[in-house]
Amino acid sequence: MQGEKQTVEGRGEWRSRVGFILAAAGSAIGLGNIWRFPAETARHGGAAFLVVYLGAVLLVGLPVMVAELAIGRRTRRNPVGAFLVLKERTPWWLVGALGVVTGVAILSFYSVVAGWTVGYLIKAARGDFTGVTSADQAGEIFTATVANGSWNMILHALFMVLTMVIVVGGIKKGIELASRIMMPVLLTLLAGLVVFSISLPGAEAGLRFYLQPDWSLLTPTVVIAGVGQAFFSLSLGMGAMITYGSYLGRRENLLTSAAWVAGMDTCIAFLAGLVIFPAFAAAGADLANLPSGAGLIFTVLPTIFSSMPWQPWGGVIFGSVFFLLLSLAALTSTISLLEVGVSWAVDELRWTRRKASLLLGAASFVLGIPAALANGGSDLFTRQHWLGMDFMSAMSTVFGTYSLTIGALLICVFAGWVWGVKPALAELGDGCTSPFVMRFWSLLVRYVCPLAILIILAQSLGAIEALMGLFQG
Ligand code: PFF
């Protein structure tokens, strides 16, 4: 096989399987789980969305993750190099290049939002939310926070520096070590918040909303939202898992590793819902009409701190722990966003890891400046003339939604049809012996996933609505 001859030696490997799983789960677990998942669940009717999401992870997310890991481990290369090794002299390397660009681009605004979480951690610890009981008050604080351009830039810089320091440390001593420390802390904090939240008086209404499905709310939009959320949350579509897979040892079972990563990611998202909804219900919030998006965490959550027991400390501790958790989760994701580009520069351009991390981190920081100014900091970037949105929303839509979805589609087509299921299965076979599971994977990656992704793309481009309009008209 071509790939084996061209393996780049000495580029690093995970110390252990647990180390890999914690790092990959760290990449997956991020703002997407703790901030976006509960917001999507709230928007799409609670428990019905949860069920759809679980289906999306199993039927679409997991197969794509396995495909990415297989491509990475077979070639032991960054996403661009991996496609070059498997299909020389074809344009497939562009899929990897799209991944590298997408990583730097998502990192640029993700780091700004991560900076807000650090800002909110400081506010919560200082007791700034004590006495905040109405959504209007919390909204004012949020608007003032995100409009403060220079403060946002400082926090954005801080987050980017933290990310670069870890990535410079390399695979074992940087990413793996940081994930080994942060992930257990994150799990412990989250478990503590769940226990606290569900023991609050009045929490049951939140549990019912979250766990008792109302099937009448199940629509195609809910299904599409579930699949989209699964990609973002599992870090798929931009080669992050190709990169992490490229540092995996030969004997690891890719299917069980992927199942662990997806399982942990899903558990954390599920637990985040168990914190948010019972806490909201206990504070008397109207669960059917929660705001979506950024509003949920940044403008609703602070209003419930004051209704926590043991005032003011109950609220200060809950708020600080929550935003610390969110910051840690974001950090284990930002390192993977930077690592995709770094692995490319190290493999293909022969840069040192230090140079690659510093230059790509700096580029992403600069690209993030307009995003840091896009919520009131500067009129130019706040105005809705970036694809009809503010600059940050436009970046998030182009790279966080379209680019990942298109990338995931191309990766499926590549693994299922171009590289081909035979070599892909041979790669999976290193460490996995169940022919049934392997066959099932090829069925999903060749037919089910590409179709599902095409439907999402068509829907999000408005094509389905346009078609329906044609039929109705
Ligand atoms: N999975 C991360 C989250 O849920 O916040 C976001 C992300 C990280 C997406 C890395 C893509 C990626 F490559």
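For ligands, and for the atoms within them, numbers begin at 1 and follow the listed sequence.
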Value rounded to 0.5 Å, distance of CG in Leu211 from CZ in Phe270 = 5.0 Å

Within the heavy-atom cut-off of under 4.0 Å, ligand 1 is lined by Ser27, Ala28, Gly30, Leu31, Gly32, Asn33, Tyr110, Phe232, Ser233, Ser235, Met238, Ala240, Ser333, Ser336, Leu337

Please say whether more than 12 non-hydrogen atoms of neighbouring residues, nucleotides or ligands are located less than 6.0 Å from CZ in Arg354.
-> no

Carboxylate-amine/guanidinium contact Glu427 Arg250, below 4.0 Å = yes

Does the ring pair (Phe, Tyr, Trp, His ring centres under 6.0 Å) test come out yes or no for Tyr244 and Trp14, once each step is laid out?
-> CA-CA 9 Å; Tyr244 275 23; Trp14 305 109; 5.2 Å; yes

Check: Tyr120 ring centroid to Phe129 ring centroid under 6.0 Å = yes

Given Ser336, which of Ser179, Ser235, Ser27 fulfils the side-chain hydrogen bond (donor to acceptor under 3.5 Å, both in side chains) condition?
-> Ser27

